[in-house]
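Counting starts at 1 for both ligands and their atoms, in listed order.
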Amino acid sequence: MTRQELFEQIQRKRSYLCIGLDTDIKKIPPHLLQLEDPIFEFNRQIIEATSDLCVAYKPNIAFYEAHGPKGWVSLERTLSVIPKDIFTIADAKRGDIGNTSELYARAFFDQLSFDSLTVAPYMGIDSVTPFLQFPNKWVILLALTSNPGHDDFQLLSVVSEGKSYFMFEKVIQNSQAWGSADNMMYVIGATRHDYIERVRELAPDHFLLVPGVGAQGGNLEEVSRYGLNKQGGLLVNSARQIIYTSQGEDFAEKARAAALAVQQEMERYLNEYLPR
Ligand SMILES: O=C(O)c1cc(=O)[nH]c(=O)n1[C@@H]1O[C@H](COP(=O)(O)O)[C@@H](O)[C@H]1O
């Protein structure tokens, strides 16, 4: 999917919501557990109930891998029911020496047909560029993550040409030579919305994947104020706050209500910062 197509979807749906399919067998409604593939059935109903309100789905691969081969089947089946105009993110946080990264890319882009993959930048250029060789596919590079440990490394000072930068700032600056705003996004945690203005100075055109609203307490209003750009430029992810709203037979309906509340809030920000 191209940047322009993503933007058109944001305008059409008045939403930049990405729903996280972090489908935990321990948290899904008990009535689904007797089915052959409860994870798929849960996802299928969530997708059916919410696909007009969001522009992306992000299955976190850990929730599927943990079940072995059965989990991969649930993931494949889930992908097959996501409408084709919706952006898909494999949240696998990969990155390794070049030939290994290339195989990871083939797994997620060719075998599973995801539009994008989250990638850790720590091993540097040759661990990231193999993912950028796939036409129409995206790398979403971790820059400033939402978890408490982000300050262990991402906020360390690095001196470059006599100036001091945070490590995450160097990730954003240096990686722009590896790809472009048409095939690379950055992860910025919603819990660090105080840095989004700075991120926008460094990467005015790139899309940002912003997890951490909802269950992790990030602030959507602040993220939107500083993060929206002229093409939308934001995919704000929420998983638990949307998909686990009810443990009953009405779980999909309740998930829709939670997604609708977020979409309506986003529509207000789009009207304010990015009028049609
Ligand atoms: O790469 C990610 O998506 C990610 C990066 C980050 O900094 N923080 C973060 O929470 N995530 C993912 O985003 C999702 C957040 O889920 P909720 O907190 O339930 O909305 C999980 O799948 C996390 O793995």
Engineer: Regarding Asp85 and Arg12, does a basic nitrogen lie under 4.0 Å from an acidic carboxylate oxygen?
Structural biologist: yes

Engineer: Any non-hydrogen atom of Gln216 lying under 4.0 Å from ligand 1?
Structural biologist: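 A heavy atom of Gln216 does come that close to ligand 1.
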
Engineer: Identify, by atom number and element, the atoms of ligand 1 in contact range of Asp22, meaning under 4.0 Å from any of its heavy atoms.
Structural biologist: 14 (C), 16 (O), 21 (C), 22 (O)

Engineer: Going by distance only, is there an N or O of Asn60 that falls short of 3.5 Å from an N or O of ligand 1?
Structural biologist: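 Right, the criterion is met.
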
Engineer: Taking the six-membered ring for Trp, are His31 and Phe251 parallel (under 30°), tilted (30 to 60°) or perpendicular (over 60°)?
Structural biologist: tilted

Engineer: Does Gly189 reach ligand 1 with a nitrogen or oxygen that is under 3.5 Å from one of the ligand's nitrogen or oxygen atoms?
Structural biologist: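 Among all N and O atoms of Gly189, none is under 3.5 Å from an N or O of ligand 1.
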
Engineer: In terms of hydrophobic clustering (I, L, V, M, F, W, Y; side-chain heavy atoms under 4.5 Å; direct or indirect links), are Val73 and Ile82 co-clustered?
Structural biologist: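 In one cluster with Val73: Ile82, no.
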
Engineer: I'd like to know if Asn147 contacts ligand 1, where contact means a heavy-atom distance under 4.0 Å to any ligand atom.
Structural biologist: no

Engineer: Among Gln241, His150, Arg240, which residue places a heavy atom closest to atom 18 (O) of ligand 1?
Structural biologist: Arg240

Engineer: So is Ser238 touching ligand 1 or not, going by heavy atoms under 4.0 Å?
Structural biologist: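 So Ser238 counts as touching ligand 1.
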
Engineer: What protein heavy atom lies closest to atom 20 (O) of ligand 1? Include the residue and the distance to one decimal.
Structural biologist: Ala239 N, 2.9 Å

Engineer: Would you say the ring centers of Phe131 and Phe108 fall short of 6.0 Å from each other?
Structural biologist: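 Phe131 vs Phe108: aromatic centres not under 6.0 Å.
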
Engineer: Side chain, backbone, both or neither: which applies to Lys58 and ligand 1 if a contact is any heavy-atom pair less than 4.0 Å apart?
Structural biologist: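 Within the 4.0 Å criterion, Lys58 contacts ligand 1 through side-chain atoms alone.
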
Engineer: Short list, please: which atoms of ligand 1 are under 4.0 Å from a heavy atom of Ser146?
Structural biologist: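 Those atoms are 6 (C), 7 (O), 8 (N), 9 (C), 10 (O).
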
Engineer: Below 4.0 angstrom from a heavy atom of Lys93, which ligand 1 atoms are there? Numbered from 1 as shown, please.
Structural biologist: 1 (O), 2 (C), 3 (O), 4 (C), 24 (O)

Engineer: Quick one: does ligand 1 sit under 4.0 Å from the side chain of Val187, the backbone, both or neither, non-hydrogen atoms only?
Structural biologist: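 Within the 4.0 Å criterion, Val187 contacts ligand 1 through side-chain atoms alone.
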
Engineer: Using a distance-only test with no angle check, is there a side-chain donor-acceptor pair under 3.5 angstrom linking Arg77 and Asn43?
Structural biologist: no

Engineer: Charged N to carboxylate O below 4.0 Å: is that the case for Arg44 and Glu41?
Structural biologist: yes

Engineer: In plain terms, say whether Arg256 and Asp250 are close enough for a salt bridge, that is, a side-chain N and a carboxylate O under 4.0 Å apart.
Structural biologist: no

Engineer: Starting from atom 5 (C) of ligand 1, which protein heavy atom do you reach first, and at what distance in Å?
Structural biologist: Pro211 CG, 3.4 Å

Engineer: Can you name the residues that form a side chain to side chain contact (heavy atoms under 4.5 Å, CB included) with Glu265, not counting sequence neighbours?
Structural biologist: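 With sequence neighbours excluded, Glu265 shows a side chain to side chain contact (heavy atoms under 4.5 Å, CB included) to Leu220, Arg268, Tyr269, given in chain and number order.
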
Engineer: My understanding is that only residues two or more places apart in sequence, or in another chain, count here; which of them pass salt bridge (charged side-chain N to carboxylate O under 4.0 Å, His left out) with Lys163?
Structural biologist: none

Engineer: List every atom of ligand 1 that sits less than 4.0 Å from any heavy atom of Asn237, numbering the atoms from 1 in the order shown and giving each element.
Structural biologist: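 So the answer, numbered in order with elements, is 13 (O), 14 (C), 15 (C).
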
Engineer: Would you call the rings of His206 and Tyr186 parallel, tilted or perpendicular if under 30° counts as parallel and over 60° as perpendicular?
Structural biologist: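 Because their plane-to-plane angle lies in the 30° to 60° range, the rings of His206 and Tyr186 count as tilted.
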
Engineer: Taking only heavy atoms of Thr145 into account, list the atoms of ligand 1 that are under 4.0 Å away from them.
Structural biologist: 7 (O)

